A.B. asks: 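I'd like to ask some things about the structure below.
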Amino acid sequence: MSLKTIALAAAAAAVTLVSLPAAAQFAKSEDAIKYRQGSLFVIGQHFGRIGAMVNGKAPFDAKVAQENADLVASLAALPWTAFGPGTDKGAAHKAKPEAWTEQAKFNEHADKFKAEAVKLAAAAKTGNLDNLKAAFGPAASSCKACHDAYRSR
Ligand code: ASC
């Protein structure tokens with residue numbers, strides 16, 4: 001395979017990955033609810049592994065940090081299409097009605113998190129713990145801001 005072929009295949013794969021969430025359709029509301037809960041749970045697991053390093057609860061391992069931050073940055077695309085119309089009912093969940101009635105504001109929170117996740121991955125790529133710490137705070141704040149506004153206790 002030529003380098004150009006490999007580059008084209010990689011670009012096609014990247015486009016597929018990025019366009020997947022936009023194409024996501026759910027057979028029923030319950031599936032959307034499970035999907036967003038599942039994806040947010042997995043994001044939390046990988047984000048938490050970085051948090052443990054940042055907070056000194058786990059030894060800093062640059063490779064582990066980078067792997068987890070890359071996952072968070074990719075997975076950050078997933079939950080939002082599962083908050084579509086009608087998915088406020090269908091199974092137990094903690095999202096407030098405002099997630100549907102204030103869609104523009106809700107989407108701003110999602111976009112903010114996605115942007116912070118990209119910055120976190122860039123920081124992790126440097127292999128420097130101080131850079132990771134500097135990017136982790138704003139990323140965690142973006143999680144919290146959305147949870148405070150749109151997740152009930
Ligand atoms: C996490 C996690 C969240 C955020 C939030 C930040 O590790 O699971 O939801 O950080 O607690 O305040």
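Just so it is clear, the structure is predicted and the values come from calculations on it, not from any experiment. Both ligands and their constituent atoms are indexed starting at 1 by order of listing.
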A.B. asks: Counting non-hydrogen protein atoms only, what is the nearest one to atom 4 (C) of ligand 1? Give residue, atom name and distance.
C.D. replies: Cys143 CB, 3.7 Å
A.B. asks: In terms of residue, atom name and distance, what is the protein heavy atom nearest to atom 1 (C) of ligand 1?
C.D. replies: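 For atom 1 (C) of ligand 1, the nearest protein heavy atom is Phe47 CD2, 3.6 Å.
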A.B. asks: Is the number of heavy atoms from other residues, nucleotides or ligands within 6.0 Å of NZ (Lys96) greater than 12?
C.D. replies: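 Correct, the count exceeds 12.
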A.B. asks: To the nearest 0.1 Å, how far is atom 12 (O) of ligand 1 from its closest protein heavy atom, and which atom is that?
C.D. replies: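 Answer for atom 12 (O) of ligand 1: Lys144 CB, 3.5 Å.
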A.B. asks: Is atom NZ of Lys112 surrounded by more than 12 heavy atoms (other residues, nucleotides or ligands) closer than 6.0 Å?
C.D. replies: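 No - once you tally the heavy atoms of other residues, nucleotides and ligands closer than 6.0 Å, there are 12 at most.
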A.B. asks: Mark up the atoms of ligand 1 that fall under 4.0 Å of a heavy atom belonging to Ala140, in ascending order.
C.D. replies: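 Close to Ala140: 6 (C), 12 (O).
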A.B. asks: Which one of Glu102, Lys94, Glu98 satisfies the side chain to side chain donor-acceptor pair (under 3.5 Å) criterion with Tyr150?
C.D. replies: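 So the option named by the test is Glu102.
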A.B. asks: Under 4.0 Å from atom 7 (O) of ligand 1, can you find at least one protein heavy atom?
C.D. replies: yes
A.B. asks: Rounded to the nearest 0.5 Å, how far apart are CH2 of Trp80 and CG of Asp111?
C.D. replies: 9.5 Å
A.B. asks: With rounding to the nearest 0.5 angstrom, report the OG1 to NZ distance, Thr87 to Lys34.
C.D. replies: 14.5 Å
A.B. asks: Considering only non-hydrogen protein atoms, determine which one is nearest to atom 9 (O) of ligand 1 and report residue, atom name and distance to 0.1 Å.
C.D. replies: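 Ranking protein heavy atoms by distance from atom 9 (O) of ligand 1, first comes His147 CE1, 3.1 Å.
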